[in-house]
Amino acid sequence: MRLHQSRFDVSKGTLELALECIAELEDVWNRIDELVFCNQVRVLEAFGDTRISLSHMWPSTGYGYGDTGRDGLERLFAKVFGGESALVRLAWTSGTHVLKTALFGLLRPGDVLLSVTGTPYETLRPVIGIEPGENGPSSNSLAGLGVRYRECSCLVDFESGLIDSSEMENVLAEHIVEDNTVIFIQRSRGYSSRKTISMESMRTFMEILNRRWPNVLTLVDNCYCEFTHVYEPPSLGVSITAGSLIKNPGGGLASTGGYVVGPEKYVDLVAESLYAPGLGKEAGSNPYGYRDVYQGVFLAPKVVGEALKGACFASLFFSRLGYKTDPGPFESRGDIVQQIDMETPEALIALAKAVQAASPVDSFVSPEPWDMPGYAHKVIMAAGTFVQGSSIELSCDGPFIPPYSAYLQGGLTKEHVVYACMKAKDALDELGIAPAGRT
Ligand SMILES: *Cc1c(COP(=O)(O)O)cnc(C)c1O
C-alpha cells in the first residue's frame with residue numbers, strides 16, 4: 001500500500017510503521033477475506049432460503065400478532081446460525097439482558113448452573129448472585145431463586161492445551177453430579193486474559209457432552225464471536241446460543257436488541273421468560289421496522305472481517321512498540337477482542353483518549369475512568385459510536401487495574417482502526433510514554 005504522509009496528521013515514523021505492519025499482515029488479511037466470503041454466502045443463502053422480501057422490513061404495533069417482519073427475521077437467524085428456531089428481539093437492551101433471560105428461562109429452583117469457562121463476564125455475576133450488583137445482592141438473582149452455582153475452567157484449559165479431552169471429561173464428571181445441570185460457556189474472553197474458545201474446542205466439548213450427558217443443557221454466551229468462524233454453536237447441538245445485536249451480528253446497523261438460537265423447545269422457554277408463559281414467541285412488536293437488523297446481519301460477515309483485520313493490525317503494531325498483546329498478530333482468532341497491556345494508567349488513558357479522538361461521533365469528548373454499573377472497578381471507555389455502547393464499532397475498554405490492559409474491539413472499517421492506532425502512537429510519543437524495557 002502506498003499512502004503519502006502529507007495526507008495524514010500523523011508523524012512519518014508512525015505512518016511507516018503502520019505500512020510495514022500492513023504489508024506483514026498480507027497473508028493474515030487474505031485468510032480473513034476467505035472467511036468473509038464463506039460467511040457472506042452463508043448469510044446470502046439464508047436470505048434466499050427464507051424468502052425475505054421488502055415487506056419483511058415493515059414495522060408492527062401493539063401486541064405484534066402476525067408480525068411477518070419479526071417472524072422472517074427469526075427464520076433468517078435460525079438458518080444463518082444453524083439452529084431450529086430463533087428469538088430476535090429489540091426488546092432486549094443488551095447482551096447481559098439476553099443472557100439473563102436465557103438463564104431464567106432454562107433454570108429452575110434446585111438446578112445447578114455450571115460454568116466451564118471460569119467466572120463469567122462481570123455483568124453476569126450479580127445475575128447469578130455470586131457478586132453484589134450496584135444496589136447490593138438481589139433476591140432476583142439466580143441464587144435468590146434457589147439455583148446453585150458451580151464453576152471450573154476445563155474448557156479454557158482444553159483450549160489452552162493444558163488438558164486433553166479425556167481429562168476434560170474427568171473434570172466434567174466431577175462437576176456434573178445431577179442431570180438438572182445447565183452448562184454455561186462463555187466463548188469470548190471478555191475482560192480477562194484467557195484464550196477465546198475456538199469452534200474446534202466447542203465441537204470436542206459438545207461431542208463429550210452429547211455422548212455422556214445428553215440430558216444436560218448448554219447455554220453459550222456467543223458475544224463477540226459471531227462470524228469469526230464458518231459455522232456457529234447451534235449446529236453443534238448447543239441448547240441456547242445467545243448474543244447482542246449491537247455487537248457482531250448487527251453489522252453496525254442494528255440499533256439495539258439481542259438474539260437466541262436453538263431447538264424450538266428451548267427458544268420457547270426463553271420467549272416465555274422474556275414475555276410471559278402463554279405468550280411466547282407470538283407476541284412482540286417493533287414500531288420502527290426491521291430494515292436495519294436485516295441489513296445489519298447481511299453486512300455482518302464483512303464488518304466482522306474488518307474488525308478482525310483491525311484487531312490483527314493493532315496486535316502487530318503495539319507489539320512492535322514493545323507492548324504485550326494477546327492474541328498475537330498471527331494467532332487464529334475466535335472473537336474480535338484485542339488485549340493490549342498498556343502497563344501504566346497514563347498509557348491506558350492516552351490510548352483511550354486517542355481512540356475517542358479518532359471516532360466519528362463525540363470525537364471532542366475526553367474519556368475518564370469511572371464506576372460503570374455492573375463492573376467491580378473503575379473502567380475507562382472510549383466509544384465514539386453511532387449506536388450507544390456498540391462494540392462492533394471501534395471501541396476500547398480498560399479496567400483500571402494492573403497491567404492496565406486495553407480491550408480494543410470493533411471497527412466498521414479496518415482503516416479506522418489503523419488510523420486510531422497511529423494516533424495513539426503519536427500521543428504516546430508526545431507524552432514520552434514507552435513500555436518498560438523501552439525508553
Ligand atoms: C458484551 C458481552 C456480554 C454482554 O454485555 P452487554 O454489555 O450487556 O451487552 C456478555 N458476555 C461477553 C463475553 C461479552 O463480551
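Counting convention: from 1, in listed order, for ligands and their atoms alike.
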Original post:
So which bit of Thr96 gets within less than 4.0 Å of ligand 1, heavy atoms only: side chain, backbone, both or neither?
Top reply: both

Original post:
Going by distance only, is there an N or O of Thr123 that falls short of 3.5 Å from an N or O of ligand 1?
Top reply: no

Original post:
With backbone taken as N, CA, C and O and side chain as the heavy atoms from C-beta onward, which portion of Arg189 lies under 4.0 Å from ligand 1: side chain, backbone, both, or neither?
Top reply: neither

Original post:
Which atoms of ligand 1 sit under 4.0 Å from any heavy atom of Gly95?
Top reply: 4 (C), 6 (P), 8 (O), 9 (O)

Original post:
If you count the non-hydrogen atoms of other residues, nucleotides and ligands that lie under 6.0 Å from CZ in Phe330, is the total more than 12?
Top reply: yes

Subject >> Closest candidate by heavy atom, reference atom 10 (C) of ligand 1, pool Leu124, Asp221, Thr196 >> reply: Asp221

**OP:** Consider only side-chain N and O atoms of Thr385 and Ser390, and report whether a donor and an acceptor are under 3.5 Å apart.
**Re:** no

Original post:
Could you go step by step and tell me if Arg212 and Glu169 meet the salt bridge (charged side-chain N to carboxylate O under 4.0 Å, His left out) rule?
Top reply: CA-CA 9 Å; Arg212 188 150 166 202; Glu169 185 166 341; 3.0 Å; yes

Original post:
Just by distance, with hydrogens left out, do Ser315 and Thr325 show a side-chain donor and acceptor under 3.5 Å apart?
Top reply: yes

Original post:
For Tyr259 and Asn222, what are the C-alpha separation, side-chain angles and deciding distance, and is it a side-chain contact (heavy atoms from CB on, under 4.5 Å)?
Top reply: CA-CA 10 Å; Tyr259 75 92; Asn222 210 27; 3.2 Å; yes

Original post:
For atom CZ of Arg291, is the number of surrounding heavy atoms from other residues, nucleotides or ligands below 6.0 Å larger than 12?
Top reply: no

Original post:
After noting the C-alpha distance and the side-chain angles of His56 and Tyr294, does the key distance pass the side-chain contact (heavy atoms from CB on, under 4.5 Å) rule?
Top reply: CA-CA 9 Å; His56 287 102; Tyr294 279 106; 3.4 Å; yes

Original post:
Would you call Lys247 a ligand 1 contact, heavy-atom distance under 4.0 Å?
Top reply: yes

Original post:
What part of Gln186, side chain from CB on, backbone N/CA/C/O, both or neither, has a heavy atom under 4.0 Å from ligand 1?
Top reply: side chain

Original post:
Going by the atom numbers of ligand 1, which of them fall below 4.0 Å from some non-hydrogen atom of Tyr224?
Top reply: 15 (O)

**OP:** Flag Cys223 as yes when one of its N or O atoms lies below 3.5 Å from any N or O atom of ligand 1, and as no otherwise.
**Re:** no

